[in-house]
Amino acid sequence: MSKDATEAEQLSKLHPRDHPQAADRTFFLDASSQGLTAIPPEILALQELEELHLENNQIEELPPDIRHLQNIVTLYLHNNKLRSLCPQLGLLSRLQRLDLSHSSIPAAALPVLSRLRALRELRLYHAGLAELPAVICKNLHHLELLGLTGNHLRLLPKEVVNLTKLREIYLGQNQFNAFPAELCVLDQLRTIDLDKNRVAAIPEEVGHLAALHKLYVAHNSLPCLPEALGRCGGMSVLDVSHNLLRGIPHGMAELAEMTEVGLSGNRLDKVPHLLCHWSSLHLLYLSDAGLRRLRGSFRRLVNLRFLDLSRNLLDHCPRQLCALRKLEVLSLDDNRIGQLPSELCSLSKLKILGLTGNEFVSFPEEVFSLESLEKLYIGQDQGSKLTYVPENIGKLQSLKELYIENNYLETLPAALGSMPHLEVLDCRHNLLKVLPDAICHAQALREFLLDDNLLTHLPEDLDFLVNLKVLTLSENPMEEPPKDVCAQGTEAVWDYLKESRILKIQTIKVQAWWRGMMVRKGFGRFEELLKARKKGKISPKDKKAKHQAAKEKEKETEKPGKKKKK
């Protein structure tokens, strides 16, 4: 097949969307993920086109005829093989959104973008850039979003101050050693992302950004935060996880609209006092912060919906948590907790609970009062190992996923079969020798992970779980089904179980026929016949036949006597 024919075939698979008032004119076209190596001429002829998706193809260059797309407003070209940009791209005077991410376009080819004066969104993620051409910042006065994550940038050109309408800038995963001071004059900025750089300080001038709404500076080297952040009155999201912080400056007490804070991976040792005044918080990340306890005022965070306290040094579950009645997700994994408070039942909206890697002597039955719970993690890759799961787990009728891996469980509770929404059951790395037959009633089950146990047999009706798509049995001494069948996957196991069941049914039918025949011949119940044979006895019919044969033999051997007189 010729190249032209191939591209024509590809074009026939595209997804155009017409304007409701002009059915014969194409305004939207999705040609993504079609394996295109070039933009088909048929697309370039669509002069009314306003939005074009060409992402996830193999396009190497833009043809000069791209200039015909004079009405194009949105052009997505990310995840292609572009190595240059044609000058005609700069003629698209109405273009507002352009994505060239995940390409290898040299910086020398980028100045053509400075001619796109209407551009509002420019995405150059993971484009291998070591610098951003100053001319782009000098001319694109309407730019509102600039995406540069995943490059090799150390600095921004000073001309970035010309982007006076910029609202979002993404500079994560670069090589910035300092917070770009030029950003502090862009008073329209609402989002700054500097995650995963080498930033060691944030200048006090950041306080000039009165419109700042979200600040991401996780995975840097910040020893402290500036007091001036407290002047960013509109801030609601702050992620400073994995830095060198020991607290939060008092100047930030005025931030009354905080809804999300990330402080994980810092050297806090205790919860910052200021934090407990942000009662508007919805999400709070305090993982791996060296916490041994929580402040009593922690109970003020009544609007929390997500709380991560994993990988700390808590030796008990703080009772303050029981006052957070809107909590939906609570992670207490990898602490030293040995018991849960009875007041845990007050968390009536809790859906996800993480208890992995703690010091529970037995299964914490306090969780059974959490009727809304959908996911429970209590695998013990570290910490004390559990030896049983109580039948009361059946009270968790809303549970969808149960993770009990890395324990010393020898059996599973039959109650698992009566949990109507259970979809994922992770029992890997335990000591299970047998599975309860009741598990065959868990009709919602999609994933059943049983690797590294002591199983030799599966319940014969396990294939009744019609929704089960993933069944793993590696590192078990399997006999029925054999290991080689188990290694072929779920479908092979299902076929084996079905064949075994059919064979068993046929065997039962043969036995039933044989018993019926025995009864019809007068041998009585088959079980009685078997018992009699075991004791060396014979059936009534055999006795009668034997007696008759003896009489006939006696007649044959009788001597002739005298005849009676008449």
[X] side chain to [Y] backbone, donor-acceptor under 3.5 Å:
X	Y	value
Glu254	Gly251	no
Asn430	Arg428	yes
Arg325	Val302	no
Asn476	Leu473	yes
Ser280	Met258	yes
Ser331	Asp308	no
Ser372	Ser348	yes
Asp334	Ser310	no
Asn174	Asn151	yes
Glu391	Ala415	yes

Taking C-beta and beyond as the side chain, do [X] and [Y] meet within less than 4.5 Å on heavy atoms?
X	Y	answer
Pro364	Ile378	yes
Leu148	Leu129	yes
Leu347	Leu353	no
Leu171	Leu156	yes
Asn467	Leu445	no
Thr164	His141	no
Asp288	Asn266	no
Leu75	Asp99	no

Residue pair [X] / [Y]: nearest heavy atoms and the distance that separates them:
X	Y	result
Arg246	Asp269	NH1-OD2, 3.9 Å
Ile337	Cys317	CG2-N, 3.9 Å
Leu113	Leu140	O-CD2, 3.5 Å
Val206	Phe179	CG2-CZ, 4.4 Å
Val160	Glu182	CG1-CB, 3.3 Å
Leu153	Leu132	CD2-N, 4.0 Å

Checklist entry - Val424 and Tyr403: side chain to side chain contact (heavy atoms under 4.5 Å, CB included), yes or no, with the steps? => result CA-CA 8 Å; Val424 178; Tyr403 298 87; 3.8 Å; yes
Checklist entry - Do Ile192 and Leu209 pass the side chain to side chain contact (heavy atoms under 4.5 Å, CB included) test, and can you show the C-alpha distance, the side-chain angles, and the key distance before you say yes or no? => result CA-CA 11 Å; Ile192 298 176; Leu209 301 177; 3.7 Å; yes
Do [X] and [Y] have a side chain donor and acceptor closer than 3.5 Å?
X	Y	value
Asn303	Lys326	yes
Asp451	Thr472	yes
Asn79	Asn56	yes

Next on the checklist: Apply side chain to side chain contact (heavy atoms under 4.5 Å, CB included) to residues Val237 and Tyr216 and explain how you reach the verdict.
Outcome noted: CA-CA 8 Å; Val237 178; Tyr216 301 97; 3.8 Å; yes
A quick test of your reading: do over 12 heavy atoms of other residues, nucleotides or ligands sit less than 6.0 Å from [atom1] of [X]?
X	atom1	result
Arg293	CZ	no
Gln175	CD	yes
Arg167	CZ	no
Glu371	CD	no
Lys385	NZ	yes
Gln339	CD	no

Item to check | Glu144/Lys165 salt bridge by N-O under 4.0 Å criterion | outcome: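 Judged by the 4.0 Å cut-off on N to carboxylate O distance, Lys165 and Glu144 do not form a salt bridge.
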Next on the checklist: Under a 4.0 Å threshold between the charged nitrogen and the carboxylate oxygen, would Glu343 count as salt-bridged to Arg319?
Outcome noted: yes
Next on the checklist: salt bridge (Lys or Arg N to Asp or Glu O under 4.0 Å), that's the test. Do Glu328 and Lys349 meet it? Break it down for me.
Outcome noted: CA-CA 5 Å; Glu328 297 179 9; Lys349 294 186 178 181; over 6 Å; no
Working to the nearest 0.5 Å, report the span between [atom1] of [X] and [atom2] of [Y].
X	Y	atom1	atom2	result
Leu275	Leu301	CG	CG	6.0 Å
Tyr170	Tyr125	OH	OH	6.0 Å
Thr149	Leu194	OG1	CG	9.0 Å
Asn312	Leu332	CG	CG	9.5 Å
Ser32	Tyr76	OG	OH	12.0 Å
Gln380	His429	CD	NE2	13.5 Å

Item to check | Residue list, side chain to side chain donor-acceptor pair (under 3.5 Å) with Glu121, at least two apart or on another chain | outcome: Arg123
Checklist entry - Passes side chain to side chain contact (heavy atoms under 4.5 Å, CB included), Phe360 versus Ser384? Steps please. => result CA-CA 6 Å; Phe360 296 108; Ser384 300; 5.8 Å; no
Next on the checklist: Listing request: all ring pair (Phe, Tyr, Trp, His ring centres under 6.0 Å) pairs with a residue in residues 229-253, at least two apart in sequence or in separate chains.
Outcome noted: His219-His242
With a 6.0 Å cut-off on the ring centroids, do [X] and [Y] count as close?
X	Y	value
Tyr408	Tyr388	no
His441	Phe464	no
His102	His126	yes

Next on the checklist: Quick test of your reading: applying salt bridge (charged side-chain N to carboxylate O under 4.0 Å, His left out), list the pairs with at least one residue in residues 192-210, sequence neighbours left out, ordered by first then second residue.
Outcome noted: none
